[in-house]
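One structure below.
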Amino acid sequence: LQVALGADMRFSTPDCRFSIMESRWGLIPDMGASLTLRELVRIDVAKELTMTGRIVDGLEAEKIGLVTRCVDDPMEEAMKIAKEIIERSPDSVAATKALFQSTWVADEETCLKKETDLQKKLIATW
């Protein structure tokens with residue numbers, strides 16, 4: 001699961017099963033889970049999943065924010081989204097990703113400054 005958590009978007013089938021199993025072996029989540037989980041789920045959900053090692057299916061994973069979409073054909077859905085993204089400005093897509101990656105847990109001032117800086121660069125290319 002931790003590898004998938006690092007993806008920009010995650011697609012699942014309803015019957016897929018997810019778990020953060022380290023607690024079953026007396027360990028804590030690793031591979032950056034403490035960073036990626038805080039961006040996806042509430043703290044109480046992160047604690048419950050990591051302290052219990054409980055297995056959730058794709059539907060619940062979508063409900064709690066672990067996956068972006070739960071569909072019958074994840075590859076088809078991912079390709080559909082990818083096609084929509086490649087129709088957009090590559091600079092805009094890259095700047096959007098940079099914006100969120102660098103400001104997701106930052107303070108408001110940092111977020112607004114980064115947003116302004118990136119937007120100015122994009123407008124300058126018109």
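Applying the ring pair (Phe, Tyr, Trp, His ring centres under 6.0 Å) definition to pairs two or more places apart or across chains, none involves residues 64-97. Sorted by first and then second residue, the ring pair (Phe, Tyr, Trp, His ring centres under 6.0 Å) pairs with a member in residues 91-126 read Phe100-Trp104; sequence neighbours excluded. For residues 29-82, no residue pair satisfies the ring pair (Phe, Tyr, Trp, His ring centres under 6.0 Å) rule, not counting sequence neighbours. Residue pairs meeting the ring pair (Phe, Tyr, Trp, His ring centres under 6.0 Å) criterion with at least one partner in residues 17-50, sequence neighbours excluded, do not occur; the list is empty.
Interatomic distance, CG of Leu49 versus OG of Ser19, reported as 7.5 Å (0.5 Å rounding). Between atom NZ of residue Lys120 and atom CD1 of residue Ile123 there is a gap of 9.5 Å, rounded to the nearest 0.5 Å. Between the CG atom of Leu59 and the NZ atom of Lys63 there is a distance of 10.0 Å, given to the nearest 0.5 Å.
Taking Arg38 as the reference, nothing meets the salt bridge (charged side-chain N to carboxylate O under 4.0 Å, His left out) condition, with sequence neighbours excluded. In this view, Ser34 satisfies the side chain to side chain contact (heavy atoms under 4.5 Å, CB included) rule with no residue, not counting sequence neighbours. For Asp30, the side chain to side chain contact (heavy atoms under 4.5 Å, CB included) criterion is met by Gln2, Glu22, not counting sequence neighbours. Scored by the side chain to side chain contact (heavy atoms under 4.5 Å, CB included) test, Lys47 finds Ile43, Met51 as partners (sequence neighbours excluded). For the salt bridge (charged side-chain N to carboxylate O under 4.0 Å, His left out) test, residues two or more places apart in sequence or in another chain that qualify with Glu48 are Arg54. Not a single side chain to side chain contact (heavy atoms under 4.5 Å, CB included) links Lys121 to another residue, sequence neighbours left out.
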For Leu37 and Leu5, run side chain to side chain contact (heavy atoms under 4.5 Å, CB included): C-alpha distance rounded to whole Å, both residues' side-chain angles, the deciding distance at 0.1 Å, then the answer. CA-CA 7 Å; Leu37 277 175; Leu5 293 178; 4.0 Å; yes
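Between Ser23 and Gly53, the shortest heavy-atom distance links the atoms OG-N, 3.4 Å. Closest heavy-atom contact between Ser92 and Leu122: N-CD2, 3.9 Å.
Apart from Met31 itself, the hydrophobic cluster it occupies contains Val3, where clustering links Ile, Leu, Val, Met, Phe, Trp and Tyr at side-chain heavy-atom distances under 4.5 Å.
Side-chain contact between Ser89 and Val93 is absent, with no heavy-atom pair separated by less than 4.5 Å.
Taking a cutoff of 4.0 Å between a charged side-chain nitrogen and a carboxylate oxygen, Lys97 and Asp8 qualify as a salt bridge.
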Show me the donor-acceptor pairs, under 3.5 Å and distance only, between side chains in residues 64-85 and residues at least two apart or in other chains.
residue: Thr68; atom: OG1; partner: Arg10; partner atom: N; Å: 2.9
residue: Thr68; atom: OG1; partner: Arg10; partner atom: O; Å: 3.4
residue: Arg69; atom: NH1; partner: Glu77; partner atom: OE2; Å: 2.5
residue: Asp73; atom: OD1; partner: Met75; partner atom: N; Å: 3.4
residue: Asp73; atom: OD1; partner: Glu76; partner atom: N; Å: 3.1

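The number of heavy atoms from other shown groups lying within 6.0 Å of CG (Leu112) is above 12.
Linking Ile, Leu, Val, Met, Phe, Trp and Tyr whenever their side-chain heavy atoms come within less than 4.5 Å puts Val56 and Leu40 in one cluster.
Side-chain N or O atoms of Thr103 include one that pairs as donor or acceptor with a backbone N or O of Leu99 at under 3.5 Å.
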